Amino acid sequence: MTRALLVVDVQNDFTEGGALAVAGGAEVARKISAYLARHGDEYDLVVSSRDWHDSVGDNGGHFATDAAPDFVTTWPVHCVAGTVGAEYHPDYATGSVDVHVYKGQGKPSYSAFEGVTEDGTSLAEILSANEVTAVDVVGLATDYCVLASAKDAVAETLNVCVLTDLVAGVAPESSAAALDELRASGASVV
Ligand SMILES: [Zn+2]
């Protein structure tokens with residue numbers, strides 16, 4: 001079994017003080033760093049994603065520009081490429097990250113599988129090239145980008161495990177529902 005760790009969107013805008021803060025986001029950043037220090041070498045590949053939106057336009061309706069955001073399909077402006085909000089949280093130690101993918105350029109992208117590297121390689125291509133068969137998923141936010149990324153990983157017929165100690169969600173109800181949905185889809189939730 002070739003294992004990858006997928007770290008989803010541990011960025012300033014998704015943590016306390018950010019434009020779209022998830023409660024517990026900064027703690028998740030710290031815990032992921034501690035986990036990587038202890039278990040990083042158990043993974044053949046560590047991939048990290050970032051939401052990376054355009055500074056002009058509403059990114060395909062993703063940003064609420066004319067009305068208040070509904071926090072379901074429209075959101076406050078967040079993770080604009082090149083801004084501090086789009087940077088990784090300072091407590092997330094990225095030294096052992098092998099591959100960085102960017103998503104959401106001009107459109108909503110909840111799943112890291114919609115992301116590409118700087119040279120345009122998709123996450124699925126990277127995992128396939130490394131013959132990855134199992135993916136552990138951690139990061140932010142449980143009920144949106146972690147959910148979408150883990151679902152896509154299951155759809156890619158990977159063995160998927162969500163590490164619940166290393167995720168945080170926008171809302172408790174939708175986060176619990178997301179984990180239920182992932183269990184039902186065949187992912188492990190531990
Ligand atoms: Zn976004």
Side-chain angles (χ1 to χ4, degrees), residues 5-29 32 46-92 94 97 99-124 126 135 137-156 160 162 166-175 177-179 181-182:
L5 179 70
L6 175 58
V7 183
V8 178
D9 297 8
V10 181
Q11 296 167 267
N12 286 325
D13 269 345
F14 294 136
T15 52
E16 287 83 350
L20 191 39
V22 172
E27 191 189 0
V28 162
I32 289 172
V46 179
V47 182
S48 189
S49 72
R50 261 175 292 187
D51 213 19
W52 201 253
H53 293 303
D54 292 348
S55 59
V56 290
D58 62 4
N59 287 275
H62 189 53
F63 287 174
T65 47
D66 301 330
D70 65 10
F71 292 91
V72 178
T73 60
T74 65
W75 306 90
V77 172
H78 61 276
C79 296
V80 172
T83 65
V84 171
E87 287 174 14
Y88 290 124
H89 190 277
D91 291 339
Y92 167 36
T94 57
V97 174
V99 178
H100 299 270
V101 298
Y102 303 83
K103 64 184 178 65
Q105 298 96 326
K107 59 179 199 270
S109 294
Y110 295 97
S111 169
F113 282 84
E114 294 175 63
V116 294
T117 62
E118 226 158 318
D119 68 5
T121 311
S122 74
L123 176 56
I126 291 157
V135 177
V137 183
V138 302
L140 307 171
T142 315
D143 31 0
Y144 291 93
C145 293
V146 169
L147 170 64
S149 301
K151 274 171 72 175
D152 278 353
V154 170
E156 292 283 336
V160 179
V162 178
L166 303 178
V167 298
V170 173
E173 302 77 21
S174 50
S175 296
L179 296 178
E181 184 179 344
L182 287 169

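Atoms within a ligand are numbered from 1 in the order they appear, just like the ligands themselves. Since the structure is predicted, the reported quantities are computational estimates derived from the model, not experimental observations. Basis for what follows: all heavy atoms, side chains included, without hydrogens, waters or symmetry-related copies.
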Check your understanding: In terms of side-chain heavy atoms, does S149 have a donor or acceptor partner in Y110 at a distance below 3.5 Å?
Key ->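 Distance-only check fails for S149 and Y110.
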* Residues E181, K151: salt bridge by 4.0 Å N-O rule ->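 Judged by the 4.0 Å cut-off on N to carboxylate O distance, E181 and K151 do form a salt bridge.
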Aromatic ring centroids of H53 and Y102 under 6.0 Å?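 No - the distance between ring centres of H53 and Y102 does not fall below the 6.0 Å cut-off.
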query = Taking the six-membered ring for Trp, are the ring centroids of F63 and H78 within less than 6.0 Å of each other?
reply =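 Between F63 and H78, the centre distance is under 6.0 Å.
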Need the atom name: nearest N/O/S atom of D51 to the Zn ion (ligand 1).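 Atom name of the closest N, O or S in D51: OD2.
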* Looking at H78, which of its N, O or S atoms is the nearest one to the Zn ion (ligand 1)? ->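 Output for this pair reads NE2.
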key: Angular separation of H62 NE2 and H53 NE2 about the Zn ion (ligand 1), given to 10°   =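 Reported to 10°, the angle equals 100°.
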